[in-house]
Structure formats: C-alpha cells, structure tokens
Amino acid sequence: MEDKLSQQSKLEFENLVEETSHFVRTTFVSRHKKFDEFFRELLENAEKSLNDMFVRTYGMLYMQNSEVFQDLFTELKRYYTGGNVNLEEMLNDFWARLLERMFQLINPQYHFSEDYLECVSKYTDQLKPFGDVPRKLKIQVTRAFIAARTFVQGLTVGREVANRVSKVSPTPGCIRALMKMLYCPYCRGLPTVRPCNNYCLNVMKGCLANQADLDTEWNLFIDAMLLVAERLEGPFNIESVMDPIDVKISEAIMNMQENSMQVSAKVFQGCGQPKPAPALRSARSAPENFNTRFRPYNPEERPTTAAGTSLDRLRTVWRTMQHSVTDIKEKLKLSKKVWSALPYTICKDERVTAGTSNEEDCWNGHSKARYLPEIMNDGLTNQINNPEVDVDITRPDTFIRQQIMALRVMTNKLKNAYNGNDVNFQDTSDESSGSGSGSGCMDDVCPTEFEFITTEAPAVDPDRREEDSSAAQLGHSLLSWSLVCMVLALQRLCR
C-alpha cells in the first residue's frame, strides 16, 4: 500500500507541475508559431511586391536579371531561419552584382570580360553609383532582421526551457514528503482533511528548489525579450524595410543611371578602356545622344492583384504582426517569476490544500491542527533547514543548470540584438557563454562581434563569357539601336 501511495503521490505532483506551468508553455509555443508565420508571410509578400512592380516597370530587362533580386530574398530568408549569412556582406554582394548588370546595360557598345566586371564591382563603395540608398538600406535591413531573428530564436529557447523544466523528476526525499502530506491523513482516519497551506508551501519549495533557482536568469531573459520586442515595434521594425524596398531599390537604379557617364568614366580610368563589341563599334557613342534621366516613379502604379495591391497586403500582414508582438509582450510580462511562484500556485489549488482561510482545521503532517514551522525562502540553498523535505543543497540539479545556461546565452544574444549587433546562432548546448552586451549603435551599422561564414556571390551567368559574347550580343547595328532604346525605355519607366 505504501509503495502504491508513493507512486500515486509522485504522479499527482508531476501532473500538478505540468498543469501549473501550462500557461507559460502554451504562451511560447503559440506565440512562436504566430510570429514565425507572420514574418515569413511578410517576406513572401515583400518579394512578390518587388517582383510585380519591377516586371511592370522594367519588363524584359528585369526578368532577364531577376535572379539578382531573387537571390537577395533567398539570403534574407536563409538568415532569418538561422543560416550563417553575413547580412552586410550579402547586401554588399547584391549591390555589386546589380552594378555589374547595370554597367553592361548603360554601356551596350562595349564587351566586358569576367575579369573586367569583377574590377567594376570593386568600385561600388568608392563611386557610390547608387547614391546613399545602399548605406541606408544596409542599416535598416541589418537592424530589423537581427532583431526579428533573435526574437524568434528567443521564443524558441523560452518554449524549450519551459517544456523541459515542467517535466520534473522528484527525488526520493520529495516523494516521501509528498506521500506524508497527501495520504497520511487517511491513515489517521482523517480522509477529508486537506494539508495546511504553509505545510504545502514547505513541501513544494523543497521539491521545486532547483526550479526556483531558474527564476533569476528567466526574469533577465524575459526583460531582454521585452526590450527586443520594443525594437521590433519601434526603430528596428521590419515594415520600414520590407514595405518600400522595391521603391528604394528603384531609386538606387535611378541614381545609377543619372550618374552613368561619371561612373563609366571613372571605371574606365581605373579598370582600363574596355573592348568595343565587334558589331557595335559604330554605335559607340550612341547613349550620349539620348536623355538619360528617369521619370519619377509613382507608387500608385503598383500592379493590383485579386486581393488588392501588394502594398495593401503587405501592410495588412504587418499590422497583424504588430498586434502579435504587442500580445507577446503582455504574455511575457505575465510569465516573470513563474518558477519561484510554482509552489504558491500549486498550494492555492483547492484540490491540494485547505486554503489560507482554514489554518486550524488542516493536516499539518502530524494531526489536524495549525502548521507552526516557518516557511522557507525560495531556492536550493534556502532548503538546508526545510522541516519537510530532505534536500541536498550541495548537489544542484545538472539538468536545471543546463537550462539556466541556455537562458544566459540567449539573454546575451538578445542584448546584442537590442543594440543592433549580430551574432551567430548555434545550438545552445554547444555554447558555454554568450557574447557581450554590445556597445550601442550610431548612424552606421553596428560592428559584428562574431565570425561569420559569408555567402559567396552566385556564379556569373555563362552568357558573360568572352568567347560567347559575340554570338550572344546583337550582330547588326539596327539591333544595337534597339537595345539602346530598350535601355532608355527602362530609364523612363523607372522613376
């Protein structure tokens, strides 16, 4: 009978802890799912918005070079999902590739080899052919994506820690104390008398001593999550990046075209005079005879879809995600001190104790009377004199200490994200410590504190090869003029 009651006590205790921690576990599970879904949808809609607008504005010229833009979104998605992508280098690579493509379009009378185009890309930072757009976009993209990725990673860590900690493994001393509290009244002929509230608190504090030690790091983690959530609502919000990204890139292309002659001259000076395309020598100066200015781009011209404009859909998704962040913040605040509060929450359950209002007619561990011993403080070290549970304070629970370390690592990452600093995400079990708290950001992008595996630019299109260029380019001077006219049509439509 004693063995059966012992097993029953253990089972009831495990169920009580799991029930009591249900709120915090479901909070992280459901909010992680929501945020992740919204963010992925936001990325998908931003990519579709750019594609729709550029197809309409640039037509065939965009479609022939669309992989440059597709690769940009592919890398952004890969970064968000935890890939080792250096955001700054990836964006630099995007602008360098775009410069190569644009440089060929504005200089159709020349043929450029692979080596020459590589030289052209080196002038991206020096010449600033796209104006100030790349610098501003780099700041916005890095801050917003660092905050978003770290936030969703934090939700993942919170979910995993909550799930693991809620599955308790009571010690033999704890099981004996639980059986004494829950079933000894039956042996004394007092089956209807429930344990005293303070008696229950001492038993639970002894049984959940290690869980209570999680509280300090958990609270710091929650505070860091709330700070990053504020960034997502404020200066690091993703809307400022993904909503007008198509317009910003179009503006950069406009800047490139307006400065095309100066850019070309400086590149020719630095990289050498390129070889004229064999069939286009007579049209060498043709682009100089045309007005190279773009017309202003009108945002109202964005293509519509069955669900309305892409921009409207993007904003709808963003508003939903903003509500989600606000909701997550409120739930996170409620989850503070959840682990040290477990004994109090369990002992408030009317199924467990007689309640605080019935302190005389309750089971005190020996008889139906008031429970006199003082209530222990929270945490392992404070259980040295626990009158109900034998607790070895010299042996902290290794499993709980692992969860504390996982929270500490994530908290440091969140602090870095709050300051705009990027970090590499690894499995928390492989890390012994986190990065520093960061030093804050000025107008420029914050320096990274971790080493990255950078993303290489995709291989250059085979059509660029020198030996194939003559066949790939137009063989007749009339066709060369057609190409020039296409470029000018692009110029007019871009603004």
Side-chain angles (χ1 to χ4, degrees), residues 1-25 162 165-215 337-397 399-400:
M1 178 60 72
E2 187 173 336
D3 287 341
K4 288 181 179 179
L5 292 176
S6 177
Q7 286 302 313
Q8 183 65 23
S9 301
K10 178 177 180 293
L11 183 63
E12 286 185 26
F13 172 68
E14 290 171 349
N15 290 338
L16 280 169
V17 173
E18 196 153 350
E19 284 178 26
T20 307
S21 60
H22 177 75
F23 165 77
V24 69
R25 287 184 290 112
V165 175
S166 63
K167 297 188 185 303
V168 292
S169 298
T171 63
C174 169
I175 295 173
R176 282 194 298 271
L178 288 168
M179 185 175 65
K180 179 182 176 184
M181 181 181 80
L182 296 173
Y183 290 106
C184 276
Y186 289 80
C187 304
R188 296 294 180 91
L190 303 170
T192 60
V193 179
R194 292 176 181 170
C196 300
N197 184 71
N198 290 353
Y199 175 32
C200 172
L201 284 175
N202 274 342
V203 172
M204 293 301 164
K205 287 196 175 197
C207 289
L208 297 169
N210 283 284
Q211 280 76 4
D213 282 346
L214 192 73
D215 228 34
K337 298 184 178 179
V338 65
W339 306 112
S340 60
L342 270 181
Y344 297 91
T345 308
I346 291 172
C347 294
K348 281 181 183 176
D349 193 327
E350 61 182 12
R351 297 172 299 171
V352 180
T353 69
T356 55
S357 61
N358 196 4
E359 295 181 356
E360 300 295 336
D361 297 327
C362 56
W363 172 252
N364 65 9
H366 303 282
S367 61
K368 181 182 176 182
R370 175 183 287 269
Y371 182 75
L372 298 177
E374 64 176 337
I375 302 172
M376 298 292 101
N377 291 324
D378 301 324
L380 184 64
T381 56
N382 290 315
Q383 306 311 311
I384 188 170
N385 294 317
N386 191 309
E388 309 304 334
V389 186
D390 293 328
V391 181
D392 185 354
I393 67 168
T394 65
R395 299 183 63 182
D397 188 293
F399 180 74
I400 295 295

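Positions are given from 1 along the sequence.
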Heavy atoms from other residues, nucleotides or ligands near CG of Asp390 exceed 12 (cutoff 6.0 Å)
no

Backbone N/O of Gly355 and side chain of Asn197: donor-acceptor pair under 3.5 Å:
no

Which pair of heavy atoms, one from Asn358 and one from Ala354, lies closest together, and at what distance?
CB-O, 3.6 Å

Verify, without hydrogens or angle tests, whether Thr20 (side chain) and Leu342 (backbone) share a donor-acceptor contact under 3.5 angstrom.
no

Side chains of Lys205 and Tyr344: closer than 4.5 Å at any heavy-atom pair?
yes

Using a cut-off of 6.0 Å, state whether more than 12 heavy atoms not belonging to Tyr186 lie near its atom OH.
no

Please step through side chain to side chain contact (heavy atoms under 4.5 Å, CB included) for the pair Met179 and Met181, ending with a clear verdict.
CA-CA 5 Å; Met179 185 175 65; Met181 181 181 80; over 6 Å; no

So CZ of Phe23 and OG1 of Thr345: to nearest 0.5 Å the spacing works out to 11.0 Å

Chi angles and distances behind the side chain to side chain contact (heavy atoms under 4.5 Å, CB included) call for Arg370, Cys196:
CA-CA 7 Å; Arg370 175 183 287 269; Cys196 300; over 6 Å; no

Only one of Lys10, Met204, Gln8 clears side-chain contact (heavy atoms from CB on, under 4.5 Å) with Leu178; which?
Met204

CH2-NZ distance between Trp363 and Lys180, expressed to the nearest 0.5 angstrom
8.0 Å

Main-chain N/O of Ile400 paired to Asn210 side chain as donor or acceptor, under 3.5 Å
no

Separation between CD1 of Ile393 and CG of Asn386, rounded to the nearest 0.5 Å
11.5 Å

Once rounded to the nearest 0.5 Å, what's the spacing between atom CG of Leu380 and atom CG of Asp392?
8.0 Å

Step by step, work out the side chain to side chain contact (heavy atoms under 4.5 Å, CB included) result for His22 and Glu19.
CA-CA 5 Å; His22 177 75; Glu19 284 178 26; 5.6 Å; no

Between Ser21 and Val338, is any pair of side-chain heavy atoms under 4.5 Å apart?
no

Can you confirm whether Phe13 sits close enough to Cys207 that some side-chain heavy atom of one is under 4.5 Å from a side-chain heavy atom of the other?
yes

Side-chain contact, heavy-atom cut-off 4.5 Å: Asp378 with Asp215?
no

Say whether, by atom type as modelled, one donor and one acceptor occur between the side chain of Ser6 and the main chain of Glu2 under 3.5 angstrom.
no

Looking only at atom types and distance, does a side-chain atom of Arg188 sit under 3.5 Å from a main-chain N or O of His366, one as donor and one as acceptor?
yes

Any side-chain heavy atom of Glu12 sitting closer than 4.5 Å to one from Val352?
no

Exercise: identify the closest heavy-atom pair between Ala212 and Gly379:
CB-N, 3.7 Å

I need the minimum non-hydrogen distance between Gln211 and Val168, along with the two atoms involved.
NE2-CG1, 3.4 Å

Do Leu372 and Asn364 come within less than 4.5 Å of each other through their side chains, counting heavy atoms only?
no

Do Tyr371 and Asn202 touch side chain to side chain, with heavy atoms closer than 4.5 Å?
yes

Can a donor-acceptor pair be found, under 3.5 Å and without considering hydrogens, that links the side chain of Gln383 to the backbone of Asn377?
yes

Please lay out, stage by stage, how Arg351 and Leu16 fare under the test side chain to side chain contact (heavy atoms under 4.5 Å, CB included).
CA-CA 10 Å; Arg351 297 172 299 171; Leu16 280 169; 4.1 Å; yes

Residue pair Tyr199 / Ala177: nearest heavy atoms and the distance that separates them
OH-O, 4.4 Å

Distance, nearest 0.5 Å, that separates CD1 of Ile375 from CG of Asn382
13.0 Å

Write down the atom of Leu201, the atom of Cys347, and the distance for their closest heavy-atom approach.
N-SG, 3.5 Å

Looking at side-chain heavy atoms only, is the closest gap between Pro170 and Glu14 below 4.5 Å?
yes

Inter-residue atom distance Arg176.CZ - Glu388.CD, 0.5 Å rounding
13.0 Å

